[in-house]
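The structure appears right after this line, and notes come after that.
Only a predicted model underlies this, so the values are computations on that prediction, with no experimental measurement involved. Note on naming: letters A, B, ... go to the chains in the order of the sequence lines (proteins, then strands), and numbering restarts at 1 for each one.
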Amino acid sequence: MAADTSSDDRGLRKGKWAPYGLLSPGILWLVLFFLVPVMILVRTALSSKASRFANPEFSWQFSNFTSAFTDYGPQFARSFLFAGIATVSAILIGYPLAYWIATQGGRWKNLLIGLVVVPFFTSYLIRTIAWTSLLKDDGVILNVIHAIPFVPQDFRLLATPAGVIGGLTYNFLSFMILPIYVSLEKIDFRLTEAAADLYGTPWQAFKKVVLPLSMPGVFAGSLLVFIPAAGDYLNNRYLGSPKTSMIGTVVQDKFLVQFDYPVAAALSLVLMAIITTMVLIYSKFLGTEGLAV
Amino acid sequence: MVMSEGVAPPYLSRELEQPGKTRKGSTSSQRAGSRWGRRILTAFACLVYLYLFLPLINIIVFTFNDPAGRYNISWDGFTINNWLDPFKDQELTNAFIRSLEVAVLSISIALIMGSLVAIALARYRFTGSRGIEIFLVLPLTTPEIVLGASLYQLFLGRKVVFGFSTVVIAHVMFCVSFVALTVKARVRGFDWTLEDAAMDLGASPWRSFRKITFPLILPGIVAAALLSFALSLDDYIVTDFTKGEFTTFPIQVNNAFRVSFPPQVNVLATIVLIVSVLLLVLTSVRSEKGVTR
Amino acid sequence: MNEVLLGEEGTPGHGAAVAGTADVVIRLENVVKKFGEYTAVESADFDIAEGEFFSMLGPSGCGKTTTLRMIAGFEQPTAGRILLDGVDVSKTPPHKRNVNTVFQNYALFPHMSVFDNVAFGLRNAKVPEADVTKRVTDLLEIVRLPEYAKRRPNQLSGGQQQRIALARALVNLPKALLLDEPLGALDLKLRQAMQLELKRIQREVGITFIFVTHDQEEALTMSDRIAVMTQGRTDQIGTPTQIYHQPTTAFVAGFIGTANLLPVTVRSHEGTTVTVDSRTGSQFRVPSGGRSHQPGSEVTLMIRPERLVPSFAPVDGVAGGSIPTTVTSLVFQGPVVRCEVQTDVGSALVAHLGPEDDPGRLSVGSRVDMTWAYEGAYLVPEAIDPEAAGITQSN
Amino acid sequence: MTKRRISTPSPTSQADLSRRKFLGTSGLALGGLALGPALLAACSSDSSGGDASSGDNELWFDNWTLYIDKPEGELYGKGGTLDSFQKASGQKIKYTEGINDNNEYFAKIQPLLSQDKPIGPDIIALTFWMAGRLTTLGWVEKLPLDKIPNSANLIESLTKPPSDPTGEYSLPWQAGMAGIAYNKSVTGRALNSVDDLFDPAFKGKIGMLLEMRDTIGLIAMSLGIDLATPTFEKFQPAFDKLKEGVDSGQIRQFTGNDYVDDLEQGSFAACIGWSGDVVQLSASNPDIGFSIPESGGTLWFDTMQIPVGASNVEGAAEWMNYVYDPVNAAKITAEVQYISPVQGVQEELRKMGGDAAALADSQLIFPDASTLATLQSWGNLDEEEEALFDAEFAKITGA
């Protein structure tokens, strides 16, 4: 069989050295500037510092990890909670839009999905600052909300968890819409017609056919939203308050203000470990393909 | 996040896989279920677009603001002066140019290295390819703060001065994975026998790459380039850790926000926005033409 | 079935064939291809003549595609030589060989129009654009798709794409055209139409076709000569008639059509007649097929199903032999009734009975002697495992 | 003007040079593999390239933004202090605005100074407590006081502060006060006590500064804690009170200078703020008020220091001497509107007339004896204690 494989599989080559040659620049770069740094981070996380401004000494200091959990449990919890809520919100907002584009977009599909990407081309930071302007206590949106009866006068969005989650949802929404759209695009919608015969209502057909088939997109989108959201600290800086701070804020502060490198490294690694575990579970079941949007 | 033509990476591959089958799409109106269901869905989609564009509208509106204080956040009166002198804020303009330089250089490097990795993965079967694929995903799924922090630790205390070079290294690092996976997704369905066919018809390997392979994987590379350009231009967190005294546009905006937020920030952001929307419209019109049969 | 007979008898090996009557275009000299430990092609050794329609037939994995790819230049032989017009091209890259390929999936360039696809090879060869236009237009005429020049390949049907692929290869006037299962992707009706179309085009352009297929019927329909391959070996090369009626191995006998194979021992060989002993102790007289058979050697008796008739029906010509059997199944298939019987030693045989054979007199379980004419039997000069005796058919 | 500022390397800053050089040498040589090391090589040569730029006897001063007089917005413009200094001394000066946060700046220079490498600038202007830290770590040069005779003009209390008891390692640049800033249209009244910030009526409308010494300092003073000899144990009540304010939702946000906007917008009813900002803000919005709380405000000052390895100590001394001349100092004060460390500036401002003369009567620029009596400066925190303070403060602010 092997003899004929060269013509099967769309001409896939059996390379001896060529693939490694093609890979080496990129992979080497990643090894040097991703893998090695992470190793150094591991080393730092297991180090202790004699004094505040001394260089970390490697000493199997596992206590950095325990203190990462004991001291910053709330921030971890908040990071994952906020990122989780943002992810679910993004699904609820993004799925219908992706579905609408995929089914009703017609010849404008490319343009419509492109528009989803447009906000992405304005600086993330500037968009977030724009939200502070939109959401401020005496701003347009709040005035409208306050006009609604029974809304307490001190109701506000800035410096609240809602503000932070809203910012996270907004900033990473495109990452949700695109993979869902990609997976919906792959679906042959004649299936739903067939399914409509079998299940009767369109809703049933959607639930039994389209939704399951688009789940890979939803999963990929969830990772793409959840991961950056969990590590974010800018949304909290602009839209949050001390009570909404997330783990990213702590890591940034520990590194760049407090110089507590070992604990900061431990915190980063815990965050990375949790997320990597999620990704590996994901890729075990669904492969790495969906993550390349 | 793939722009314009064939947002879905599998698009290309599907067209290649199923010659002769025309793209489905004509009966789209029948798919979304009942007429009311469709109307509600369309209304919801419009709301989502509004949500996506609200901050952008805010940004654009505030390019015409004449702020009383140092912060261009409340409406104080109409002026077009900001547009007459978009580069008034010298530091901001310099930071903007530096951001462009970083982005252009990083994605040039990342595009080459990433595309080679993608071609190696899509074209050859070799031992370790599965491992390489997972390795490629890791930088994308590692929270930015961890990437930044680990690079910070790598460079810290070595013969390296934080600045342009370190920022480029960091940007290349996260773009390489991104390019590799995006291009790979587009190249995955590529029929490598096309190259055989070209050579069989007398084209040298280089000519067959130039005439056949390259034009066919170009949309994937362009999509990857546009998106990694956006990623690089927009990056705050990783840059924050690797910048030293160097400032990029987002960093400058963030720093500026502590003391002032000049309208020129909005003007520059709007310029980027306009350029990207134009690009989007152009490419989608072009692909629309290409797609018509 | 094809009428062109190029040799008296097909035997594997050199000169099987073309035997100097026509110019040799491609010569394979003991070509071997190994992928690591795996031997894809054991030894390919044959000539292909100018203007010939030559098929390589065999099950998947038999090495036929690898052989084709070596001729095209996509693979290099591990040992042996490939000569194109007498020049060793074993190490020449594909773009420098004057042979062209029609790929299994056509491999049309999706981003180019039909015209540009067909013109691709000419432009590579830096043919002046005016000539390009003329030759491409001519070729599109030949494949009967002149009005499709401006379309993109994915706007064409499978059969149309196939013809464009053909045109794209032929326009370069190659020394030989290599076709790698080109009809595999088409449905049955279209495939049959395309078979005739291919033959027509080949006659029209007069270029050597080397055709790879696993479909014996396709090979028989179109080829001047066929090389039957299995497990990297070339079992037999010959005209369709030779391959069908005078297979040199049990594999060929079974792969081409359906055959009843019985292990026999040569008793004596006199003149053109060989007397053999069957396992059941009966003796049969069989034509020697031009070979000499040593008494005592183990060989295989082959009888095609259409040659087996029940003893109550008239036998054409001299009787060759008869075996007592029990009917195990009768299936009406239109022109013939497929009748399966079992010999007393348990070998299953099949007979295709026409109306003249009066199949109505048979029923499942009835005893009948199956007989055949003297010239209806053939000796395959190869022993088979008694276990494998009986019906063999490729698909 | 403002105190905490933007980092804005000028086109000729170190990072910039290295970028040009990098672009020049490796161009767009996108050889892939060769590039990583090439980039790194470019980086490492940065360190030597950096000081080479100030090697031609140029004086490099790295300061906060908007912290010097800039005629017509041009940093080196005619009549500005930088311009007149260059003319008077013949010493070329390079002025950058690279400091926007003490801690961040420290994070930036720490890797180099800890390895005895020059950081580039000859003068840096960090806040007194950070200056004290650099002094303790031995990362700054002794000042050639004999070449700065004008230092005799300095207000005595600022010459030998607890952060630099011998006065040999730092000299003051500008000083200011932290107190309570409020928006009368929201509060409805003038505030003059720290306890007002904890008034439940303003729940969710109170801002605090990310600058730990100002925020904790004000609260500590309101609790009767003395700032001169700080220990973590002593300050625990202040942290507790702040934490309570955060937990109850009383305190909305910790900010840098951007409190200015929140205050004006009414997002903050009141907050801890800096004198200079509020002077400006109240000029355009009469609702904005500033008060030094009854329990006292903090007095802070930024200093000039010469980092170890600086290549132009002579020029640095010359510059310091120049700006400690009351005539020159007054020009800077007229622009930045903070408290000048130089005696005689008040008189010089009066001589200048116009707007500048009006500043001479501002209590926020020239606080009288009774105001000064209520101000306190932080004593030195040793390394361990400071780490405790920072960590606790970070926890409360959510980091």
Which one, B/P215, B/S208, B/A197, leads in non-hydrogen pairs under 4.5 Å with chain C?
-> B/A197
Is there side-chain contact between B/D196 and C/T101, with at least one heavy-atom pair below 4.5 Å?
-> no
Given that the side chain runs from C-beta out, which part of C/R123 has a heavy atom under 4.5 Å from chain B: side chain, backbone, both or neither?
-> both
Please determine if B/D200 and C/R97 form a salt bridge, counting it only when a charged side-chain N lies under 4.0 Å from a carboxylate O.
-> no
B/K211 NZ to C/H111 NE2 distance, which is reported to the nearest 0.5 Å | 8.5 Å
Rounded distance [0.5 Å steps], CG in B/L201 versus CG in C/N100 | 5.5 Å
How many angstroms lie between CG in C/N124 and OG in B/S204, if you round to the nearest 0.5 Å?
-> 7.5 Å
For residues B/A203 and C/H95, report the shortest heavy-atom separation together with the two atoms involved.
-> O-CB, 3.0 Å
Residues C/M112, B/I212; criterion side-chain contact (heavy atoms from CB on, under 4.5 Å); working and verdict | CA-CA 9 Å; C/M112 294 183 181; B/I212 308 298; 3.7 Å; yes
Check whether C/F109 gets within reach of chain B through its side chain, its backbone, both or neither, counting any heavy atom under 4.5 Å.
-> both
Applying a strict 4.5 Å limit to non-hydrogen atoms, the region of C/N172 in contact with chain B is side chain
